[in-house]
Structure formats: structure tokens, C-alpha cells
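Working notes, structure below.
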Amino acid sequence: MPMVEPHLLSKHVVLVDDDPALREMVGAIFAQQGFRTVTAFAAPTDALAYCREARSRGEEVHLLVLDVMMPLMNGLDLLERIRLVPGMEKVPAVFLTARDEPYDRIQGLGLGADDYIAKPFLPQELMLRVLAVLRRCYAQESPELDLGFCTVSLDTAEVTRPDGVVALTAKERAILATLAQNRGRIVTIDSLSLACWGDSFGYENSLMAHVRRLREKIERDPSAPEALVTVRGLGYKLTLR
């Protein structure tokens, strides 16, 4: 499976499919990758009502994953109606369907859908194509971190220190990006493990080792960290200048 950038894992996905087995499978794919909020519906009318209520409460929906062939209301009609909800005119949408006819594809893309995936599909294909949509629609926030002693570019995974430039590993970058998204707040060990490995069980020692090496790169004194601090019994917190 591809590695998911931490800032994408917080995006809220709404999944609509009347097939319980496929709904469970797609939900499991997202959960395995570490997505924290996937709201699934069997009925398009329930999904539409939820989107309206979410927007009235000020909650964001970041991605729609819609089956096309559903009773009462198909996915094309559902997307058209969701587009009428204030604040959801441009939410990205991906269609899942057993139909792969050119007319259906053109109609879906004409409604503003971002991709059209024919069943059956491989889990990796689904995730790669969903990630392509999310990356295009939600660029990395705050890619430059000022930590006082050094600056970190999340785009290039490089640390600029007074004595030169040091490269971050993929896991170190994932840890920093997750902490940066929650700057000033405690991030639990489970959340950081999910961001790095897609699982929260059994990675605490590995996480501690990565944090120790990361501090050697970003802290003036790794034994007395000022930017990446431990909150005993809870997790870690990042303080930006």
C-alpha cells in the first residue's frame, strides 16, 4: 500500500454504497491506511441528509466515494444534489461502479467527479487513485516549520541547521508532519504510530527510537528537547516558533 501523507489522514470521507460487503471492504481499506473519519451509508438519501446536517453544523466533508448503481437514487443524481448544498459545491468525488460505459464516465466527470473507478478493483488501485485526488485538492499545509534552532521543509524532507542541512527519513518526516498539524497539542503514541505504520499496536518502541533520532537532527540539545517534547504517559507535542 502507498504511504499516506499525515495531513490527508484527517480528511473526512463519506462513502455511499448499497452493497454491504463492498462498503465494509472500502471502509477497511481506508482504516488500514490510517484515515480517521470515514462515514458510510447504504442509502443515498441518508448520505444527502447527513451532508446537509454536517454543513449546517459547520463540519467539513473532504471526499465523496459514491457507487453509481443504487436503488431510488443513483450516484450521479446524489452528487448533483450534494453539489447544491452550500459549502459542498466543490467537494471532490470519486465514483465506484460496475458500469464502465463511456457515457456514464462522461456524465460523471461532467458533474464534477474527480475519478471513476470500475469494479472490481484492487485495494492498492483504489487508494492510489483516491490519494491522487486528495493530493490535488488538498496541498500540504505549512510545509516550512520554524523550530527555533532549525527550520524544516516538509516538501524536501530537509532540516536546515546552523551547521548545515540534514535529510529526514520518511518516518521522521511523517512524525513531524503529524505533530505540525496538531502544533501545540498532544498527539498520542497511537496516532503517531498510525501515521507512520498504518497501525497503532506494537510500534511504541520503534516510535521512541525514531523520535530519539529525530531530536538529534532538530534539537540544539537532544537530551533537553525544546521543540519536540514528551508528555509523559500521553504522547508528544511540537512547539513552533
Side-chain angles (χ1 to χ4, degrees), residues 1-2 4-5 7-101 103-138 191 194 198-200:
M1 279 288 194
V4 184
E5 293 90 329
H7 80 284
L8 297 180
L9 295 175
S10 62
K11 301 307 179 188
H12 182 185
V13 180
V14 168
L15 165 66
V16 189
D17 197 302
D18 63 320
D19 181 341
L22 190 138
R23 200 166 58 245
E24 182 178 354
M25 182 190 76
V26 173
I29 293 170
F30 278 97
Q32 182 184 14
Q33 288 297 100
F35 281 83
R36 293 189 280 277
T37 310
V38 178
T39 307
F41 296 94
T45 51
D46 291 341
L48 179 59
Y50 175 83
C51 288
R52 288 171 174 162
E53 293 167 4
R55 289 304 304 161
S56 68
R57 294 191 301 266
E59 297 176 9
E60 295 286 337
V61 173
H62 299 100
L63 177 68
L64 302 168
V65 180
L66 310 175
D67 185 26
V68 171
M69 299 304 295
M70 294 184 287
L72 302 180
M73 184 192 308
N74 64 39
L76 298 169
D77 291 338
L78 174 59
L79 178 59
E80 193 167 17
R81 296 191 187 191
I82 288 176
R83 295 285 189 211
L84 298 176
V85 177
M88 297 199 65
E89 300 88 350
K90 296 183 178 180
V91 62
V94 173
F95 281 127
L96 304 178
T97 180
R99 296 176 63 180
D100 195 23
E101 294 297 326
Y103 175 79
D104 296 324
R105 184 184 296 270
I106 290 169
Q107 187 178 2
L109 297 176
L111 288 171
D114 295 84
D115 205 349
Y116 200 105
I117 305 175
K119 305 172 188 175
F121 50 81
L122 295 174
Q124 187 171 25
E125 178 194 6
L126 171 66
M127 190 51 56
L128 285 170
R129 293 173 71 166
V130 162
L131 288 177
V133 171
L134 289 174
R135 286 167 181 151
R136 185 168 65 248
C137 297
Y138 304 105
S191 295
L194 276 171
D199 195 353
S200 60

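Given the structure is predicted, the values throughout are model-derived calculations rather than measurements. Basis for what follows: all heavy atoms, side chains included, without hydrogens, waters or symmetry-related copies.
Within the model, atoms CD of Q33 and CG of L126 stand 10.0 Å from one another, a figure rounded to the nearest 0.5 Å. Distance CZ/F121 to CD1/I29: 5.5 Å, rounded to 0.5 Å. Interatomic distance, CE of M127 versus CD of E125, reported as 12.0 Å (0.5 Å rounding). Distance check: M88 CE to E60 CD gives 8.5 Å after rounding to the nearest 0.5 Å. Separation of atoms CD1 (I117) and CG (L122) is listed at 11.0 Å; rounding is to 0.5 Å. Distance CG/L72 to CG/D77: 11.0 Å, rounded to 0.5 Å.
Under a 3.5 Å cut-off, the side chain of H12 and the backbone N or O of H62 do not form any donor-acceptor pair. Side-chain atoms of E80 never come within 3.5 Å of backbone atoms of L78 as a donor-acceptor pair (strictly under, hydrogens ignored). Side chain of D18 to backbone of A42: no donor-acceptor contact under 3.5 angstrom is found.
Annotation: R81, atom CZ; neighbour count of heavy atoms from other residues, nucleotides and ligands within 6.0 Å does not exceed 12. The environment of CD in E24 is sparse: at most 12 heavy-atom neighbours from other residues, nucleotides or ligands sit within 6.0 Å.
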Could you go through K11 and L63, starting from their C-alpha distance and side-chain angles, then the distance that decides it, and tell me whether this counts as side chain to side chain contact (heavy atoms under 4.5 Å, CB included)? CA-CA 7 Å; K11 301 307 179 188; L63 177 68; over 6 Å; no
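The two residues P44 and M73 make their nearest non-hydrogen contact at CG-O, 3.2 Å. Of all heavy-atom pairs spanning D114 and C137, the tightest one is OD2-SG, 4.3 Å. Nearest heavy-atom pair, P92 versus V133, reported as atom, atom and distance to 0.1 Å: CB-CG1, 3.7 Å.
When each of D67, V65, L79, L64 is checked for a side-chain contact (heavy atoms from CB on, under 4.5 Å) with F95, only L79 meets the rule. A side-chain contact (heavy atoms from CB on, under 4.5 Å) with V26 is found for exactly one of L96, V130, D17, V38, namely L96.
M70 has its side chain within reach of V16: a pair of non-hydrogen atoms, C-beta onward, lies under 4.5 Å apart.
Using a 30° and 60° split on the angle between ring planes, F41 and Y50 fall in the tilted class, from 30° to 60°.
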